[in-house]
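What follows is a short report on a single structure.
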Amino acid sequence: MIKAIIKKELIQLRRDPRLVALIIIMPLILLTLFAVALKLEPQNVRMAYVDQDRSFFSHMIKTGLWSDAYFDLYAVKNKAQIIEEIRAGHAKAGLYINSNFSYLLTENKQPHIQFFVDGTMPSLTTTMKYHSNSATSDDISSDMYFSDADADNVVIAQKPFIMDTRILFNPEEKETWFFLPGVIGVLIMQIALILTGITVVREREKRTLEQLLVTPMSRTSFIIGKLLPYVIIALLDFYFILLAGWLFFDLPQPSSHGLLFLLALVYVAVMIALGLLISLISSTQQQAMFIAIFIIVPSILLSGFIFPLEAIPDSIRPVSYAIPFTYFVDIIRGLLIKHTHFIDLANAYLALTGFALLFVGMSIIKFRKTL
Amino acid sequence: MPATDNKMIRVKHISKRFKKTLAVNDVTLAVEKGVIFGLLGPNAAGKTTLIRILCGIIKADQGEVLINGLSSQKAKPVFGYVAQYFGQYEGLTVWENLEFYARMYGVTDKKRLDYLLQRYDLTQFKDLLAGTLSGGYKRRLALACALAHDPLVLFLDEPTAGIDPLTRKRLWDDFYQLSAEGKTLFVSTHYMEEAQRCHQLAFMSAGTLVAKGSPTDMKHTLGDKRVYTSILPYQPEVQTALQKMAGLILVNQFGNELRIVAQNNVKKEQLEETIATIIQQIIELDETEPNLEDAFIVLTQNQTSPATNRR
Ligand SMILES: Nc1ncnc2c1ncn2[C@@H]1O[C@H](COP(=O)(O)OP(=O)(O)O)[C@@H](O)[C@H]1O
Ligand SMILES: [Mg+2]
């Protein structure tokens, strides 16, 4: 009896070549993708700096940071702008060197330099802190000890200068601030893709599509009618999750409730439309589920949610930018934690809107009024 | 644009191939307004495919369909369709289903829906989930849904398959009623006795229409062939012996009845003798009128050798 069931299951599986392709080829693609893409070491992390000292020594510090291609430095006008650059997302780190740096250094007065780190990205924040040490490494600082030639060789301080690290936006490095904003997006993605992913396939499998297709409905009304209720449900769910986050998990308040709503609306629309598209291209509910999962997993890993985009090689970066969730992560961190200005998030909003229109459009094209 | 003649459905040279199967092969037909048109054919004859093409939910490879003078897509508001398999929403109640289909056609008239519930004995099940209905009532619900917008034409794909005889009779009474109301019905079936009830018939076999006409016309397609019958229990030797005879077209066994269709040059006595020698007993054959099944089998069988049938 068991053998008979096993045999039957295997036969059924073999008869669905698309499913077999999905369970064999998709993991291969993802494995290759992740093998190439997932690196712990970020590269060329943008760093805004102000060097008011403009001395040989301050230059040495910059070169030290630059040398292993970890940071990519560019100059900005003043200290406030460093923070604004990071807030806008143009830079992930910043460096401030005061005008009296080399004077204090030569006086052995142990000057301070300031290092700023974007505190919204878990792994990036920690690795940046670690890498900033290259500015104070012995190679660099060993040349920075000054003493009178005739005086005793007295070491005044352990280090010739001191680097103060400031974690911006999330000074306490709260894990919930790191992860919860993105988690909301992951949950909505799962709910939306599974919710709509089966809506058309189910009608196909249950044969209700046939009776529906003989009615004089237009393609657009079918697609909109299928989308709208789920958009509303997912939107309610979005706020339900947010509310739970605010009440129980110390999720910060957004800089603008209007912009947060706009994000929720556009993101939910993208995910519901994507789910519908999955449903239209699948021939069984099982296939739809698989496709949904194969979208969710890379979305989580390649979006900058867990691993920073800076750690994803240039060859794979376009994949990251083709993932709607990437823009969601960017915006929600901007709204909840960094309080980024709308103008700096506009491109991400536009990208999400573009995805929504693309997926709705493709659904309308893909939907045939024939079986 | 209404039909310029009295033909409600016009089909010209429709063909449809699924990979290796030619499901519909150059079908041409016309159905007059108010007529019950029967499409008779065995399983896999291509009936469902043809009806789906007429309803515009499968694209034909070639050919033209006009319903009330319009293409299938444009004619959607004027026809209804009941698919071979239950296609209403099992998770909705009877009333919710009916209301849904009505609204898909812009019908909001509750009175009409109430009338349809009553007409198909569904009033008592109004709030029951469609999935919990028995086969017969599911079929009634499907009919009611297809009639919500009061269509001119109704396509019914094997509407009584798997339905008990009493319900089947009720449904057919209703079909006549619909036809009397001026609606055109296009009904597929594989039941001979049901085909008998249609005003016009087409025999379909392996994708091809092999004959068209009224049930009476169909019986006469046998021409001057003769049909004999006798009460005789099934005996394989009889069948084998008869099939070897020249001029024999069909040997068909219905329980205890033996039916033989033969060319008119085959003598009745000759047949009686052949059988008698095998069963060692005198037998008398009666000549009788051909029925639809005789006609259908003769028309669709491989012309070179007589078919054997046993039921
Ligand atoms: N979607 C399809 N794909 C492939 N073959 C099909 C499809 N639909 C029907 N067929 C084939 O076309 C032939 C006619 O089928 P169908 O129209 O369902 O016949 P009927 O309704 O008379 O039983 C059959 O051989 C069937 O296997
Ligand atoms: Mg069929």
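Bear in mind the structure is a predicted one, so any value in this text is a computation, not a measurement. Order of the sequence lines sets the chain letters (A, B, ...), proteins ahead of strands, with each chain counted from 1.
- When A:Thr208, A:Leu209, A:Leu212 are compared by the number of non-hydrogen pairs under 4.5 Å with chain B, A:Thr208 comes out ahead.
- Within a 6.0 Å sphere centred on NZ of A:Lys369, other residues, nucleotides and ligands contribute more than 12 heavy atoms.
- Using a 4.5 Å heavy-atom cutoff, the side chains of A:Thr370 and B:Ile58 are not in contact.
- Shown here for A:Val214 and B:Cys55, the closest heavy-atom pair between the two residues is CG1-CB, 3.9 Å.
- Within the 4.5 angstrom heavy-atom criterion, only backbone atoms of B:Phe86 (N, CA, C, O) approach chain A.
- The neighbour count for A:Phe240 CZ, taken as heavy atoms of other residues, nucleotides or ligands under 6.0 Å away, does not exceed 12.
- In the displayed structure, A:Arg18 atom CZ is contacted under 6.0 Å by more than 12 heavy atoms of other residues, nucleotides or ligands.
- Within a 6.0 Å sphere centred on NZ of B:Lys110, heavy atoms belonging to other residues, nucleotides or ligands number more than 12.
- Annotation: A:Phe249, atom CZ; neighbour count of heavy atoms from other residues, nucleotides and ligands within 6.0 Å does not exceed 12.
- Within a 6.0 Å sphere centred on CD of B:Gln73, other residues, nucleotides and ligands contribute more than 12 heavy atoms.
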Test log, rule side chain to side chain contact (heavy atoms under 4.5 Å, CB included), inputs A:Glu210 and B:Tyr81: CA-CA 9 Å; A:Glu210 184 168 358; B:Tyr81 168 57; 2.4 Å; yes
Test log, rule side chain to side chain contact (heavy atoms under 4.5 Å, CB included), inputs A:Gln211 and B:Tyr89: CA-CA 10 Å; A:Gln211 289 284 216; B:Tyr89 296 94; over 6 Å; no
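- Within the 4.5 Å cutoff, no side-chain heavy atoms of A:Thr215 are placed close to those of B:Lys76.
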